[in-house]
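Below: one structure, written as structure tokens.
What's counted below: heavy atoms across the whole structure, side chains too, no hydrogens, waters or symmetry copies. Here the structure is a predicted model, which is why all the values come from computation and not from measurement. Here, residue 1 is the first one in the sequence, and each next residue gets the next number.
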Amino acid sequence: MEIATIIEESLYAVQWPEDDVHCLDMMAEYFSDAEKLNEYFEQHSGKLNFYTSLSPSVEQAVVFTRRESQNLLDNFRLLAHGIGHKTTQLDEMFLPLHKDDAFSHSRYATDTKAKGSRQIAPWIRLYAVKCDINLYVLTGYAIKLVPKMQDDPDLLKELRKLDSTTTYLRKIQMISQ
């Protein structure tokens with residue numbers, strides 16, 4: 001595992017050994033690829049109404065996903081260029097991954113997600129480990145069309161990435177908690 005700097009002293013991204021680039025670049029590439037997204041949503045078309053009453057078509061889901069992923073990437077670019085205003089603060093972009101009733105979870109305070117807006121593509125997820133105030137390490141991304149992460153093999157993989165990254169960051173003392 002390698003850690004790439006996205007925004008010095010604020011945002012980093014994991015590059016997994018099996019990948020050529022870090023996970024933020026992979027997300028940007030994947031979510032901009034209409035062909036890959038179309039294939040994904042064709043396979044999971046029956047789940048498209050989980051997060052929205054819109055029940056979008058496969059084509060609409062592709063458009064929504066591309067648009068929303070671009071919004072997330074634009075927010076990170078604003079931060080990287082020092083154009084920080086209230087809506088682009090990292091602690092406001094990332095939300096706790098686990099619900100309050102999971103307070104005893106060993107990674108309750110460190111597992112986070114940034115997600116698409118409720119109106120456009122609420123299924124987009126970008127996962128990160130929170131190391132400190134406004135300090136995050138991105139671990140991966142996914143499309144979440146199920147109630148629980150445990151209900152999808154791709155999302156289980158993202159949970160394992162969070163776990164191994166947290167272990168590594170504790171080992172190198174990057175997590176203050």
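Of the inter-residue distances, the one linking Y141 atom OH with M26 atom CE reads 4.0 Å to the nearest 0.5 angstrom. Distance check, rounded to the nearest 0.5 Å: CG of N75 to CE of M93 gives 4.5 Å. The CH2 atom of W123 sits 9.5 Å away from atom CD of E68, with the distance rounded to the nearest 0.5 Å. Distance CG/L145 to CG/D152: 8.0 Å, rounded to 0.5 Å.
Not counting sequence neighbours, the partners of A114 by the side chain to side chain contact (heavy atoms under 4.5 Å, CB included) test are L72, F94, L126. For D151, the side chain to side chain contact (heavy atoms under 4.5 Å, CB included) partners two or more places apart in sequence, or in a different chain, are V146, P147, K148. Qualifying side chain to side chain contact (heavy atoms under 4.5 Å, CB included) partners for E59, counting only residues two or more places apart in sequence or in other chains: S57. Scanning for side-chain hydrogen bond (donor to acceptor under 3.5 Å, both in side chains) contacts around E2 gives an empty result, with sequence neighbours left out. Listed by chain and residue number, nothing satisfies the ring pair (Phe, Tyr, Trp, His ring centres under 6.0 Å) test with Y127 (two or more places apart in sequence, or in another chain). Under the side-chain hydrogen bond (donor to acceptor under 3.5 Å, both in side chains) criterion, T165 pairs with no residue at all, not counting sequence neighbours. Applying the salt bridge (Lys or Arg N to Asp or Glu O under 4.0 Å) criterion to K113, with sequence neighbours excluded, gives no partner residue. Scanning for salt bridge (Lys or Arg N to Asp or Glu O under 4.0 Å) contacts around D33 gives an empty result, with sequence neighbours left out. In this structure, the side chain to side chain contact (heavy atoms under 4.5 Å, CB included) partners of S10, at least two apart in sequence or on a different chain, are I7, L90.
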Worksheet entry | From CA spacing to verdict: side-chain contact (heavy atoms from CB on, under 4.5 Å), V129, M174 | CA-CA 10 Å; V129 174; M174 192 167 167; over 6 Å; no

Item to complete: Test side-chain contact (heavy atoms from CB on, under 4.5 Å) on K171 and L169 and set out the steps.
Response: CA-CA 5 Å; K171 182 178 174 182; L169 295 174; over 6 Å; no

Item to complete: Begin from the C-alpha positions of R170 and T110 and carry the test side-chain contact (heavy atoms from CB on, under 4.5 Å) through to its verdict.
Response: CA-CA 11 Å; R170 283 190 173 128; T110 58; 4.2 Å; yes

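Here the side chains of M149 and L97 are in contact, with some heavy-atom distance below 4.5 Å. The shortest distance between side-chain heavy atoms of T5 and E8 falls below 4.5 Å. Between D111 and T166 there is a side-chain heavy-atom pair separated by less than 4.5 Å. At least one side-chain heavy atom of M1 sits less than 4.5 Å from a side-chain heavy atom of I3. Side-chain contact between I124 and K144 is absent, with no heavy-atom pair separated by less than 4.5 Å.
Across all their heavy atoms, M27 and S69 have their closest contact at CE-O, 4.4 Å. Of all heavy-atom pairs between V137 and C131, the closest is CG2-SG, 3.9 Å.
Residues V62 and L73 are members of one and the same hydrophobic cluster, defined by side-chain heavy-atom contacts under 4.5 angstrom among Ile, Leu, Val, Met, Phe, Trp and Tyr.
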Using a 3.5 Å cut-off and no angle test, enumerate the donor-acceptor pairs between side-chain atoms of residues 12-24 and protein atoms at least two apart in sequence or in another chain.
{"unit_1": "Y12", "atom_1": "OH", "unit_2": "E9", "atom_2": "N", "d": "2.9"}
{"unit_1": "Q15", "atom_1": "NE2", "unit_2": "D19", "atom_2": "O", "d": "3.2"}
{"unit_1": "Q15", "atom_1": "NE2", "unit_2": "D20", "atom_2": "O", "d": "3.2"}
{"unit_1": "W16", "atom_1": "NE1", "unit_2": "T139", "atom_2": "O", "d": "2.9"}
{"unit_1": "H22", "atom_1": "ND1", "unit_2": "L24", "atom_2": "N", "d": "3.3"}
{"unit_1": "H22", "atom_1": "ND1", "unit_2": "D25", "atom_2": "N", "d": "3.3"}
{"unit_1": "H22", "atom_1": "NE2", "unit_2": "D25", "atom_2": "OD2", "d": "3.3"}

For residues 34-46, run the donor-acceptor check on the side chains, cut-off 3.5 Å, and write out each pair with its distance to 0.1 Å, sequence neighbours left out.
{"unit_1": "Y40", "atom_1": "OH", "unit_2": "I143", "atom_2": "O", "d": "3.3"}

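Using a 4.0 Å cut-off between charged side-chain N and carboxylate O, D91 and K130 make a salt bridge.
Residue-environment remark: CD (E29) stays at or below the threshold of 12 foreign heavy atoms within 6.0 Å.
Side-chain atoms of T112 come within 3.5 Å of backbone atoms of A128 as a donor-acceptor pair (strictly under, hydrogens ignored). Judged by distance alone, with hydrogens and angles left aside, the side-chain atoms of R66 form a donor-acceptor pair with the main-chain N or O of S32 at under 3.5 Å.
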